[in-house]
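The structure presented is a predicted model; accordingly, all values stated were derived computationally and were not measured. Here is the naming used below: chain letters follow the sequence lines, and residue numbers restart at 1 for every chain.
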Amino acid sequence: MTTLEKLSNWNIKGYQQDLLKWYDENKRDLPWRRERDPYKIWVSEIMLQQTKVDTVIPYYNRFMKFFPTVQALAEAEEETVLKAWEGLGYYSRARNLHKAVKEVQENYGGQVPAEKEEVHKLSGVGPYTAGAILSIAFNIPAPAVDGNVMRVLSRIFSIYDDISKATTRKRFESIVDEIISKENPSHFNQALMELGALICTPKSPACLICPVQEHCAARAEGVQELLPVKAKKSPPKKKQMKAIVLKDDAGRILIQQRPETGMLAKLWQFPNIEAEEVVEDYADLKKHLLFMGLQVDIFEKVHEVRHVFTHLIWEIDVYIGELKGMAREADLELASLRLVEKGDVDLYPFPVSHQKINDFVLKKGDF
DNA sequence: TAATCGTGGTG
DNA sequence: TCACCAAGATT
């Protein structure tokens with residue numbers, strides 16, 4: 001039976017009512033639900049991408065103190081924005097948001113556009129986020145299909161499409177187009193996601209207390225634990241790294257900015273290399289530094305840091321050492337290096353892996 | 001289409 | 001310890 005056939009004898013109105021009533025009575029009190037400022041909805045939606053509500057809340061509150069309006073964020077320095085995002089991950093979200101907010105300030109007089117084509121053009125705003133902004137902020141009946149929605153609807157209609165495939169989202173968007181409440185699309189979309197977060201969870205869904213259990217095909221068939229179908233991802237690969245905390249004769253610390261593209265773009269770090277083989281030696285590290293124009297004394301290995309990303313694992317041996325002589329300004333510039341006071345290291349946005357190094361060597365240690 | 005892009009929580 | 005997961009977008 002096709003989804004269309006399932007929908008023909010499926011109680012849309014009853015489903016909407018049961019879902020919306022449950023949402024009204026059970027929705028969480030979240031900071032971004034207390035207002036309907038499109039800018040604030042937008043920021044919350046970007047932060048919530050692949051990130052749990054509990055993780056986002058403190059970041060969201062702090063971000064709104066720093067950048068309460070489109071204008072405030074548009075006028076901020078990118079590095080300040082990255083610092084506010086530090087630890088939240090997926091840093092291209094911060095750079096894209098900042099870029100897009102500048103566009104809104106320039107091209108739309110600071111008002112977030114309420115048309116699908118315009119919103120979707122903004123950097124970092126894809127199909128889900130465009131739908132979320134339109135529906136939640138402007139109460140426009142547009143689908144906002146995220147992982148929650150695909151999981152819930154996979155079960156409601158007993159759909160076995162692989163939700164890790166890009167094309168699957170489109171099928172669910174067309175379903176939402178048919179079943180969305182035209183009276184309250186904002187609450188309907190949020191209710192679908194809230195149900196996925198609180199009741200229709202990935203493992204052990206709480207079908208017994210589900211407000212829409214009588215509308216659910218997977219529940220009727222007893223296959224709720226088998227849905228949704230999702231392809232497995234390959235395990236992350238390990239990379240051996242060596243990093244060094246270097247001090248010059250004035251006691252300043254050497255840090256380095258990462259490239260503009262790729263992983264952790266534009267964040268700062270301690271100078272490091274990827275070691276092809278595991279060698280208990282720092283000759284390769286020393287050679288790398290010399291290549292950047294730096295003569296150093298490496299003292300000892302003081303720490304190990306392990307950090308797991310989605311698709312790779314860094315295993316970092318951490319060394320300490322000292323710069324010999326005066327580094328040439330041009331050499332530092334060329335390698336995106338900077339000498340900063342020990343107390344100023346915290347002013348720069350670091351990935352968590354290098355925050356760990358900072359914590360151990362400079363804060364806990366006596367280096 | 002499939003890989004890339006972070007981090008923290010959970011069972 | 002580890003596999004899996006979370007209000008995805010970009011290339």
Side-chain angles (χ1 to χ4, degrees), chain A residues 27-28 30-33 40-60 82 85-97 99-100 119-137 143-152 162-170 172-173 176 186 188-198 200-205 228 230-238 258-259 261-267 269 305-314 349-356:
Chain A
K27 64 172 177 282
R28 290 169 289 180
L30 304 175
W32 46 91
R33 283 187 179 155
K40 295 184 175 178
I41 302 297
W42 180 11
V43 171
S44 75
E45 288 302 336
I46 301 298
M47 286 188 171
L48 285 162
Q49 288 170 8
Q50 302 291 285
T51 311
K52 296 215 191 270
V53 164
D54 289 345
T55 302
V56 166
I57 288 175
Y59 279 92
Y60 174 85
L82 283 173
W85 209 270
E86 183 185 60
L88 197 51
Y90 286 136
Y91 298 94
S92 65
R93 293 185 297 175
R95 288 181 287 108
N96 285 334
L97 173 64
K99 181 183 170 195
V119 183
H120 197 102
K121 274 187 210 162
L122 299 168
S123 308
V125 178
Y128 162 75
T129 304
I133 292 171
L134 291 173
S135 60
I136 297 173
V145 175
D146 71 336
N148 285 309
V149 173
M150 288 197 282
R151 181 172 61 257
V152 169
D162 182 353
I163 65 166
S164 68
K165 292 197 179 302
T167 53
T168 302
R169 194 202 69 248
K170 295 180 183 172
F172 285 110
E173 283 176 345
V176 172
S186 171
F188 182 89
N189 278 345
Q190 291 184 78
L192 221 40
M193 292 187 275
E194 194 81 340
L195 188 75
L198 301 181
C200 196
T201 49
K203 292 172 184 172
S204 310
K230 191 176 182 182
K232 289 178 183 171
K233 289 185 178 174
S234 56
K237 290 173 182 171
K238 285 183 186 174
R258 295 178 59 86
T261 57
M263 196 169 59
L264 308 169
K266 295 189 175 180
L267 297 194
Q269 63 185 2
V305 167
R306 177 185 162 88
H307 192 79
V308 180
F309 300 87
T310 306
H311 59 294
L312 82 154
I313 299 173
W314 280 357
F350 276 62
V352 167
S353 51
H354 283 250
Q355 288 177 46
K356 291 175 184 172

Is the shortest side-chain heavy-atom distance between A:Lys27 and A:Arg33 below 4.5 Å? yes
The side chain of A:Arg306 is closest to which nucleotide in this list: B:dC5, B:dT7, C:dC2? C:dC2
Atom-pair distance (CH2 on A:Trp314; C1' on B:dT4), nearest Å: 14 Å
Whichever of A:Lys203 and A:Ala166 has the more 5' nearest nucleotide on DNA chain B, that residue is A:Ala166
Do the non-hydrogen side-chain atoms of A:Val125 and A:Trp42 ever get within less than 4.5 Å of each other? yes
What nucleotide among C:dA6, C:dG8, B:dT7 has an atom nearest to a side-chain atom of A:Tyr128? C:dG8
At less than 3.5 Å, do the side-chain atoms of A:Thr55 and the base atoms of B:dG9 form a donor-acceptor pair? no
How many Å lie between CD on A:Gln50 and C1' on B:dC5, as a whole number? 10 Å
Which residue lies toward the 5' end of DNA chain C, A:Lys52 or A:Gly124, if each is placed at its nearest nucleotide? A:Lys52
How is A:Leu30 classified with respect to the nucleic acid when contacts are heavy atoms under 4.0 Å: base, sugar-phosphate, or nothing? base
Give A:Pro235 one of three labels, base, sugar-phosphate or nothing, depending on what nucleic acid heavy atoms sit under 4.0 Å from its own. nothing
For A:Leu264, which contact category applies under a 4.0 Å heavy-atom criterion: base, sugar-phosphate, or nothing? sugar-phosphate
Regarding A:Gly87, tell me which of base, sugar-phosphate or nothing describes its non-hydrogen contacts under 4.0 Å with the strands shown. sugar-phosphate
So does A:Tyr59 get a side-chain nitrogen or oxygen closer than 4.0 Å to the phosphate oxygens (OP1/OP2) of B:dT7? no
Tell me the interatomic distance from A:Phe309, atom CZ, to C:dA3, atom P, rounded to whole angstroms. 18 Å
Which nucleotide in B:dC5, C:dG8, C:dA7 has an atom nearest any side-chain atom of A:Gln49: C:dG8
Taking the side chain from A:Thr51 and the backbone from A:Gln49, do they hold a donor-acceptor pair closer than 3.5 Å? yes
Of A:Thr167 and A:Tyr90, the one whose closest DNA chain B nucleotide lies more 5': A:Thr167
Does C:dT10 have OP1 or OP2 sitting under 4.0 Å from an N or O in the side chain of A:Arg93? no
Specify the residue among A:Thr201 and A:Leu122 whose closest nucleotide of DNA chain C lies further upstream toward the 5′ end. A:Thr201
Any sub-3.5 Å donor-acceptor pair from A:Arg93's side-chain atoms to A:Gly124's backbone N or O? no
If only side-chain N and O atoms of A:His311 are considered, is one of them under 4.0 Å from the OP1 or OP2 phosphate oxygen of B:dT4? no
Report the residue from A:Thr129, A:Asp146, A:Val56 that forms a side chain to side chain contact (heavy atoms under 4.5 Å, CB included) with A:Leu48. A:Val56
Tell me whether the side-chain N/O atoms of A:His307 come closer than 4.0 Å to OP1 or OP2 in B:dG6. no
Parallel, tilted or perpendicular: rings of A:His354 and A:Phe350 (30°, 60°): tilted
So which nucleotide from C:dC5, C:dA7, C:dT10 ends up closest to the side chain of A:Glu194? C:dA7
When all nucleic acid strands are considered with a 4.0 Å heavy-atom cut-off, which category describes A:Thr129: base, sugar-phosphate, or nothing? sugar-phosphate
Output the rounded distance in Å from CG (A:Asp54) to P (B:dG8). 14 Å
From NZ of A:Lys232 over to P of C:dC2, roughly how many Å is that when rounded to an integer? 17 Å
